[in-house]
Amino acid sequence: MISVTFPDGAQRLFSPGVSGLEIARGISPSLAKRTVAMALDGVVSDLADPITKDAKIEFVMREDPRALELIRHDCAHVLAEAVQALWPGTQVTIGPVIENGFYYDFARSEPFTPEDFAAIEKKMRELIARDAPFTKEVWSRADAISFFEKKGEAFKVELVGMIPADQDLKIYKQGEWLDLCRGPHMTSTGKIGAAFKLMKVAGAYWRGDSNKPMLSRIYGTAFAKQEELDAYIKQIEEAERRDHRRLAREMDLFHFQEEGPGTVFWHPKGWTLFQTLINYMRRRQQAEGYIEVNTPQVLDRALWETSGHWQTYRENMFVTTTEDERVFALKPMNCPGHVQIFKNGLKSYRDLPMKIAEFGIVHRYEPSGALHGIMRVRAFTQDDAHIFCTEDQIMEEAMKVNDLIMSIYEDFGFTDVVMKLSLRPEKRVGSDEVWDKAEAALKRVLDKVAETGMKTGINPGEGAFYGPKLEYTLRDAIGREWQCGTTQVDFNLPARFGAFYIGDTSEKLTPVMIHRAMFGSLERFTGILIEHYAGALPLWLSPLQAVVATITRDADDYGRGVIAAARKAGLHVEGDLRNETINYKVREHSLAKVPVMLVVGKKEAETKSVSIRRFGSQAQVSMGLAEALAALKDEATAPDLKRAG
RNA sequence: GCCGAUUUAGCUCAGUCCGGUAGAGCAACCGCUUCGUAAGCGGUAGGUCAUCAGUUCGAAUCUGAUAAUCGGCACCA
């Protein structure tokens, strides 16, 4: 007999092989009916699975958070059955659960269109209403291969061959239809319910490999309750409302045009914001002992051969050949330039650590399909720095970078940050011994940071070609994640360029180079800020902080005085003295997300005051002009300057 | 780069299926109006319909190519 422990602590004995369903039925038929799966010692599995040893059992209901994944996975199976019913001959491949739903990849000569969704969803509802039980069978490889071959399911045959020999080959049936699947599933298709929706169609490579065939993917999502589905759709709409491409047009920040794909035309307001970020970063770095430099935009091919970029990233570089047949490349990175500055003049161990910073504009020929607004462009500005130091100094310097990064993110309103360590990739330079050292150093930083309570993780195989890296991912106001900062330890580049310093025993030593960026790309960070704040930037970042709007012509002279005074106080201010109603002006500047409106009419002119209306609020506050400007000036002061007093 | 979609006035879009030479709202401009916190009224002007070819008596509309953009995939030093 085996002992089964229930959530309330009670234990009961059953004969080995008893199923969760049998146990549930023994307790009450209604429990058995409501239960969709079980968790054995915390592992979710089919309710019909036999229990063979002592275990803790929990019955998982449809509303259980753990059932959400099952609902979605089951929904993917039903989607596949519906598609095959509607379009016989379509091959099925895989249909996993993903963060906000699921997808299923199909092989079909004709791709799907969103117009097909109504028919597919209708079919799915039929299949769900049929409420066929999910049943599991374990097949032999030979049976599975011959079955799928006969059905013309070439991709499934390939999948069967990929399942490790020590694993059971599981087949899940739902009525007539079946799929190779690792499970688990709920008890029947009816448990999926009605809160599902097909979202979009897309192409996707078989097994994520761009050399393999392109499949037709259908994305969908499902929830336990309709309200949750509605909330999710609302959240998507909210994200669209925040889209930086749309907000940038409304706020007149920048534009793109055909002649410069992936390169930004910054408008005055956008450039003001951009410069605010640079000025802030410059102050923060200067306070930490960084020195700022500037290195050439175009450099000879020979330098990129030495650095290794030519061999590794040639296809992503903008290359130009001059009249005299010399080959140059636009810099895709600043590091080689900074090594040249380090190399120029003899350096001693006393000069280390040497922190060379640059707001470096880099050009990378990104694949056309990768471009995305200002988030992924072909020319962007990095807040780049390279710390030349000794091996012994790596840990301390990386920790200092960490502290600076965290403090900076906090100033911008990002407090939820995750740090991940990316280890050696397949395509790399340098010996394994050197990689061991570099990875060990960053691992120590990761561990130390983890002790402070920060979330950390490891990405195997995702390091840069010259060294491992720590990556900082921040989460924005609506929960999306953005990778921004990075700290990379490099034992390779300085040696490749023959950089050295004189040690305390007079011998020549090769420095270690720490690459680091905090914003990452200024362009991308600007985009993240726009979306994070939904365009309503805090006053210190806002490129247009206030608009002075007059009510009638009588107030024009006073209004002009207010504009001049505000500008004198250092505020970014515009006037709106147009012959329009105050309602009209308020509406227009609200749509443009101007943080502050200073409304002036006869009353204000007489009392030398302003009526303040803040973006997002209808309240009006009357205040003396001098007092109002002082308050706004204080609010518009960057956080680091405020701390300095 | 790959799969799919899109491209018409500054913006949002109709017209394309079924070929006959382009339309709305907002914005702009000009008047009138002088108004107290999210659209006052009237008028005017604005488009080689993404580009290049082809079919046709005739192309925004049909065909092909190219480009950019959008959604994914792949990529992201």
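We find that CD of A:Gln257 is positioned 13 Å from P of B:rG10, with the value rounded to whole Å. Atom CD of A:Glu250 is separated from atom C1' of B:rG10 by 14 Å (rounded to the nearest Å). Taking atom OH on A:Tyr219 and atom P on B:rC3, their separation rounds to 17 Å, with Å as the unit. Between the C1' atom of B:rC76 and the CD atom of A:Glu315 lies a distance of 12 Å, rounded to the nearest Å. We find that NZ of A:Lys200 is positioned 16 Å from C1' of B:rU6, with the value rounded to whole Å. When the P atom of B:rG36 is taken as reference, atom CD1 of A:Ile582 falls 9 Å away, rounded to whole Å. As a whole-Å value, the separation of A:Glu580 CD from B:rC29 C1' is 12 Å. Distance, A:Glu588 CD to B:rC35 P: 21 Å, rounded to whole Å.
Nearest to the side-chain atoms of A:Phe465 among the listed nucleotides B:rA39, B:rG71, B:rA77 stands B:rA77. Listed nucleotides: B:rG72, B:rA67, B:rC35. Nearest to the side chain of A:Met214: B:rG72. In this structure, the nucleotide among B:rC11, B:rC70, B:rA77 sitting nearest to the side chain of A:Met333 is B:rA77. Side chain of A:Thr581, nearest nucleotide from B:rA74, B:rG71, B:rC35: B:rC35. Distances were taken from every side-chain heavy atom of A:Lys602 (C-beta onward) to each of B:rG36, B:rA28, B:rG71; the shortest belongs to B:rG36. Comparing B:rA77, B:rU37, B:rC73 against the side chain of A:Met317 picks out B:rA77 as the nearest. Here B:rC73 is the nucleotide among B:rA68, B:rA77, B:rC73 with the atom lying nearest to any side-chain atom of A:Ala204. In this structure, of B:rA77, B:rG71, B:rU37, it is B:rU37 that holds the atom nearest to the side chain of A:Asn583. Of all nucleotides listed (B:rA77, B:rA28, B:rU37), B:rA28 comes nearest to the side chain of A:Arg578.
Taking atom P in both B:rU21 and B:rA68, the straight-line distance is 34 Å, to the nearest Å. Between the P atoms of B:rG23 and B:rC18, the separation comes to 24 Å (whole Å). A gap of 29 Å separates the C1' atoms of B:rU8 and B:rC2, to the nearest Å. B:rA50 and B:rU6: their P atoms are spaced 13 Å apart (whole Å). Nucleotides B:rC52 and B:rA14 are separated by 27 Å at their C1' atoms, to the nearest Å. Straight-line distance between the P atoms of B:rA22 and B:rG36: roughly 45 Å, to the nearest whole Å. Distance check on atom P: B:rG64 versus B:rU55 gives 15 Å, rounded to whole Å. Spacing of C1' atoms, B:rU37 relative to B:rG47, comes out at 37 Å, to the nearest Å.
A:Ser216 comes within 4.0 angstrom of no nucleic acid atom, judged by non-hydrogen atoms across all strands. Looking at heavy-atom distances under 4.0 Å, A:Gly520 makes no contact with the nucleic acid at all. Among the protein residues, A:Glu115 comes within range of no part of the nucleic acid, since none of its heavy atoms lies under 4.0 Å from any strand. When heavy atoms are screened at a 4.0 angstrom cut-off, A:Lys427 is found touching no nucleic acid atom at all. Residue contacts shown for A:Gly308 are absent, as no nucleic acid heavy atom lies under 4.0 Å away. At a threshold of 4.0 angstrom between heavy atoms, the contacts of A:Ser210 are confined to the sugar-phosphate backbone, with no base atom among them. Contacts of A:Pro261 with the nucleic acid, taken as non-hydrogen atoms under 4.0 Å apart, involve only primed sugar atoms and P, OP1 or OP2. Nucleic acid contact class of A:Lys212 (heavy atoms, under 4.0 Å, all strands): none. Residue A:Leu591 is in base contact, counting any heavy-atom pair closer than 4.0 Å across all strands shown. At the heavy-atom level, A:Ala202 lies under 4.0 Å from base atoms of the strands shown. Counting any heavy atom pair closer than 4.0 Å across all strands shown, A:Arg217 reaches sugar-phosphate atoms only and no base atom. Using a 4.0 Å heavy-atom distance criterion, A:Tyr205 is classed as a base contact.
Between the side chain of A:Thr93 and the backbone N or O of A:Phe155 there is no donor-acceptor pair closer than 3.5 Å.
Residue A:Lys343 places its NZ atom among more than 12 non-hydrogen atoms of other residues, nucleotides or ligands, all under 6.0 Å distant. Counting heavy-atom neighbours within 6.0 Å of A:Glu433 CD, excluding the residue itself, gives a total of 12 or less.
In this structure, A:Arg314 forms a cation-pi arrangement with A:Trp310, its terminal cationic atom sitting closer than 6.0 Å to the ring centre and no more than 45° off the ring axis. Cation-pi contact between A:Lys427 and A:Phe465: absent, since separation from the ring centre below 6.0 Å together with deviation from the ring axis within 45° is not met.
There is no side-chain donor-acceptor pair under 3.5 Å between A:Glu531 and A:Trp482.
For an aromatic pair to be called close, the ring centres must be under 6.0 Å apart, and A:Tyr466 with A:His515 satisfies this. Ring centers of A:Phe102 and A:Tyr104: at least 6.0 Å apart, outside the cut-off. Ring centroids of A:Phe112 and A:Phe106 are separated by less than 6.0 Å, placing the two rings close together.
Using a 4.0 Å cutoff on non-hydrogen atoms, no part of residues 89-105 of chain A comes near RNA chain B. Shown for residues 359-372 of chain A: residues whose heavy atoms fall under 4.0 angstrom of RNA chain B, namely A:Arg364, A:Pro367, A:Ser368, A:Gly369, A:Ala370, A:Leu371, A:His372.
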Inset, instruction - With side-chain contact (heavy atoms from CB on, under 4.5 Å) as the test, would you mind laying out the steps for A:Asp476 and A:Arg242 before giving the verdict? - result: CA-CA 11 Å; A:Asp476 72 13; A:Arg242 284 167 181 260; over 6 Å; no

Inset, instruction - Please step through ring pair (Phe, Tyr, Trp, His ring centres under 6.0 Å) for the pair A:His589 and A:Phe615, ending with a clear verdict. - result: CA-CA 9 Å; A:His589 300 304; A:Phe615 176 75; over 10 Å; no

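Side-chain contact between A:Tyr558 and A:Lys608: present, with at least one pair of heavy atoms (C-beta onward) separated by less than 4.5 Å. Annotation: side chain of A:Val573 is not in contact with side chain of A:Gln545 (no heavy-atom distance under 4.5 Å).
Between the side chain of A:Arg376 and the base of B:rC75, at least one donor-acceptor pair of N or O atoms lies under 3.5 Å. Taking only distance into account, the side chain of A:Ser590 never meets the base of B:rU37 through a donor-acceptor pair shorter than 3.5 Å. In the interface, the side chain of A:Arg428 is not paired with the base of B:rA77 through any donor and acceptor atom under 3.5 Å apart.
For B:rC2, the paired base is B:rG72 (Watson-Crick or G-U wobble, both distances below 3.5 Å).
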